[in-house]
Protein chains: 2
Amino acid sequence: MNTANTGLAEERFRKIRACLKERGVVSVDELCEVVAVSGATIRRDLAELDARGHVRRVHGGAVCTESQLDEPVFDDKAKIAADEKHVIAELAFKLVAPNDTIFLDGGSSVLALARLLTDMRKLTVVTNSLRVAGLLASAGPRMIIVGGELRRISQTFVGPLTKPTIKQLNVDKAFMGTIGLKDGVMTTTDPAEAMTKEMVMEQARDVYLMADSSKLEKVSFVKCGELNASNSLITDSGISSKQMKLLKEKGTKVITKSKQEKKGK
Amino acid sequence: MNTANTGLAEERFRKIRACLKERGVVSVDELCEVVAVSGATIRRDLAELDARGHVRRVHGGAVCTESQLDEPVFDDKAKIAADEKHVIAELAFKLVAPNDTIFLDGGSSVLALARLLTDMRKLTVVTNSLRVAGLLASAGPRMIIVGGELRRISQTFVGPLTKPTIKQLNVDKAFMGTIGLKDGVMTTTDPAEAMTKEMVMEQARDVYLMADSSKLEKVSFVKCGELNASNSLITDSGISSKQMKLLKEKGTKVITKSKQEKKGK
DNA sequence: TCATTAATAATCAAATATAATCATATTTGA
DNA sequence: TCAAATATGATTATATTTGATTATTAATGA
C-alpha cells in the first residue's frame, strides 16, 4: 500500500544522513549534487527527515541532529549516562600504574579516563583521539599521537596511515571504546576505524574494553575485535547475568563496581 | 576573491563560534573578514547566537561564553602582531588551489592560514599541529595528522615517530613556520622539531616559509632548513632591503603585500 | 559637560530559497 | 497489457535573507 518504502527514497535518505553526519551542515545545492536529484526532491526529503527528527531543516539546507558535531565539543554525549561513564573511568584509572605506557582510544568513557590522568606526569599516553589530545594538550602525561586521517564523527585518526605509527609502538595497556558488543564480539560503524582498533589491540599487552551497559547487546557494522581470555571488559552494573556468564565462559575478566566491592577492594 | 561561499547561515554560525573559541573576543569587523559577509549580517548572526546562548554580544563584537574547560590554555603568540600574521596568511591563502594537498606546520601565521581554509572541502591538509587539527576538527578539508610526540610549548607533534607518516606522504605545498631566519637559514629551538620540519620539506614539491618580519635576523638553537631557489618566503613589508637582496641572490622568491594593495580603510 | 566618532538598529531593494502547482515518468496491481 | 497511484522535475508565485542606506544610539576624549 505504501509504495514510498520501495527503497529508492530511503536510499536517498540514507545518503543525505550520511552526508550530514560527515559534514554537520549541508546546503540543498550540495545535496542535489551528491544525491543527483532535483532541488524539489531534496526539499521534500529534508521535510520528511525533519519530521522524523533525523535532521534539522534550516533555510538553504539542513543541520545534523544526530551527531554532536555542530555542538561545542565540550557539551557532548559524555553527559548522557555520564555517571556510568565516570564509574567506568574510575575503575580503569585504578589499573593505570604511574610509569605505564597506555593507549587511549576514542569514545566518551575513554575520554572520561583521560580526564583523570592530567596529574600523571610519568605516564606515557598513546592515542588516536583528537579529543584526548586536546584534553591533555596543555599539561599531563607524555603524549604521543597516532598519525592518520581524521574521522570527524568520532574525532579519531584512523585508516591505513595509522599503521606505521602503531606498529612501532608497544603499550602496556590499551583502553578501548566500542559502539557495540554482543556475544563477546566488538563492532563499530567504520571499516577504517575497525582496522585501527584491531592494530592497536595487537600491540597491547593487556586490552581493556570500556563499555557502559547500553553498548552491550548492540551490534554495529564492522567487527573490530573479540573478547577472550587475554582481555577484560570494564562496564557498569547494568550488565545482564546472561552476558556475564557468556563472557566467563570465554575467559574474559569482567570488571564492574559491584564486583570490586564484593571482593572487598 | 574568497572561495565559493555556501551562504548557509548555520555555516556562518559555526565559523563565528570557532573564531570566538579560538580568540575569546572578536570584533564585528574581524568577523566580516573571516566570514566574508557584511556587518549587518554579522550583527544579525550575533543576535541569534546570543539568543541561543552560544555567544555574548558586546558593543563592537562578541565574547565567548562557551566553557573553555577542555581547551588548551595555550598562551597564544597569535595575539601579538596579529595583523601582520593575518596579512601573511592571506598571501599564502592565494597560493592554495582547491584540490591541493598541503602541509601545515605549527606557528601562529600558519594557524591564521588554517583559519581561512574551513570552506575548502576538496583540500587535503596534512599537519603536525594540534592547534591546526583543533581548528579544522568539526568541519573543513580532509585532514591527516602526522603521528609523533607532543611538544607542549609549540603544540606540535615532533620527533622520530613522525618519520613513518611523513615519508609515506607527498604534498603539493608545505607552509612552514620558524623561530628564526637569518642569512636564509631557518632555526628553531628543539632538535626534534627541526628533524620533523626537515623531513616535511623533503616531501613537498613547493615550500613556503611564513615568517613575519620580527623573525628575520633572529637566530635560534637548531638549524632546520635553508632557503634557496626552490622555495619561497612569505613575509610582511617590514623586511629589510638587505635581507631582500640576500634572498634574491639565493634565488628565493619573496612574497609580500605590495604597497598598492595595502590601501585599507 | 558637550562634541566627535563609531556602532547599531531600522528600512528597503535585490538576490535567493521555498512552497505550490502542474505535467511527465515510473511503479504497482489487476 | 492497462489503468491507477505515486514520485519526480520544471515552472511560477511567495517568502526569506542579505547588503546598502539612513537614522539612532552608545562610547570616547577634551
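Labels below follow one simple rule: chain letters A, B, ... track the order of the sequence lines, proteins then strands, and each chain is numbered from 1. Not measured: the values here are computed from a predicted model.
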Those residues at least two apart in sequence (or on a different chain) that pass side chain to side chain contact (heavy atoms under 4.5 Å, CB included) with Lys253(B) are Ser232(B), Ile255(B)
Whole-Å distance, Ile42(A) CD1 to dA19(C) C1', equals 16 Å
How about Ser213(A) and Glu84(A): does a side-chain donor come under 3.5 Å of a side-chain acceptor? no
Please pick, from dG19(D), dT8(D), dA7(C), the nucleotide with the shortest atom-to-atom distance to any side-chain atom of Thr41(B). dG19(D)
What is the distance from CZ of Arg12(B) to C1' of dT16(D), rounded to the nearest Å? 12 Å
If you measure only the distance, is there a donor-acceptor pair under 3.5 Å linking the side chains of Arg43(A) and Ser38(A)? no
Under 4.0 Å: is that the gap between some side-chain N or O of Arg43(A) and OP1 or OP2 of dG9(D)? no
Five pairs at each end of the helix from dT1(C)-dA30(D) to dA30(C)-dT1(D): take the axis at both ends and give me the angle between them to 10°. 40°
What is the distance, rounded to the nearest whole Å, between atom CD of Glu10(B) and atom P of dT18(D)? 11 Å
Other residues, nucleotides and ligands only: do more than 12 of their heavy atoms fall within 6.0 Å of CZ on Arg56(B)? no
With a 4.0 Å limit, can you tell me whether Ser38(B) has a side-chain N or O closer than that to the phosphate oxygens OP1/OP2 of dT18(D)? no
Over how many whole Å does the gap from Glu48(A) atom CD to dT18(C) atom P extend? 17 Å
Taking atom types as modelled and ignoring hydrogens, do the side chains of Asp29(A) and Ser27(A) form a donor-acceptor contact shorter than 3.5 angstrom? no
Which nucleotide wins on minimum distance to the side chain of Ala40(A), given the candidates dA10(D), dG19(D), dA7(C)? dA10(D)
Salt bridge check, Glu11(B) against Arg121(B): does any charged N sit closer than 4.0 Å to a carboxylate O? yes
May I have the distance from Asp45(A) (atom CG) to dA19(C) (atom P), rounded to whole angstrom? 13 Å
State whether Arg57(A) places a side-chain N or O below 4.0 Å from either non-bridging phosphate oxygen (OP1 or OP2) of dT18(C). yes
Nearest to the side chain of His59(A), heavy atoms from C-beta on, is which of dA17(C), dT8(D), dA20(D)? dA17(C)
Among dT8(D), dT18(C), dA20(D), which is the nearest nucleotide to the side chain of Val28(A)? dT18(C)
Side-chain N,O (Arg44(B)) to OP1/OP2 (dT8(C)) below 4.0 Å: no
Gln155(A) and Ser129(A): side-chain hydrogen bond (donor to acceptor under 3.5 Å, both in side chains), yes or no, with the steps? CA-CA 6 Å; Gln155(A) 295 278 294; Ser129(A) 160; over 6 Å; no
Length of the line joining Leu31(B):CG and dA7(C):C1', which is rounded to integer Å: 14 Å
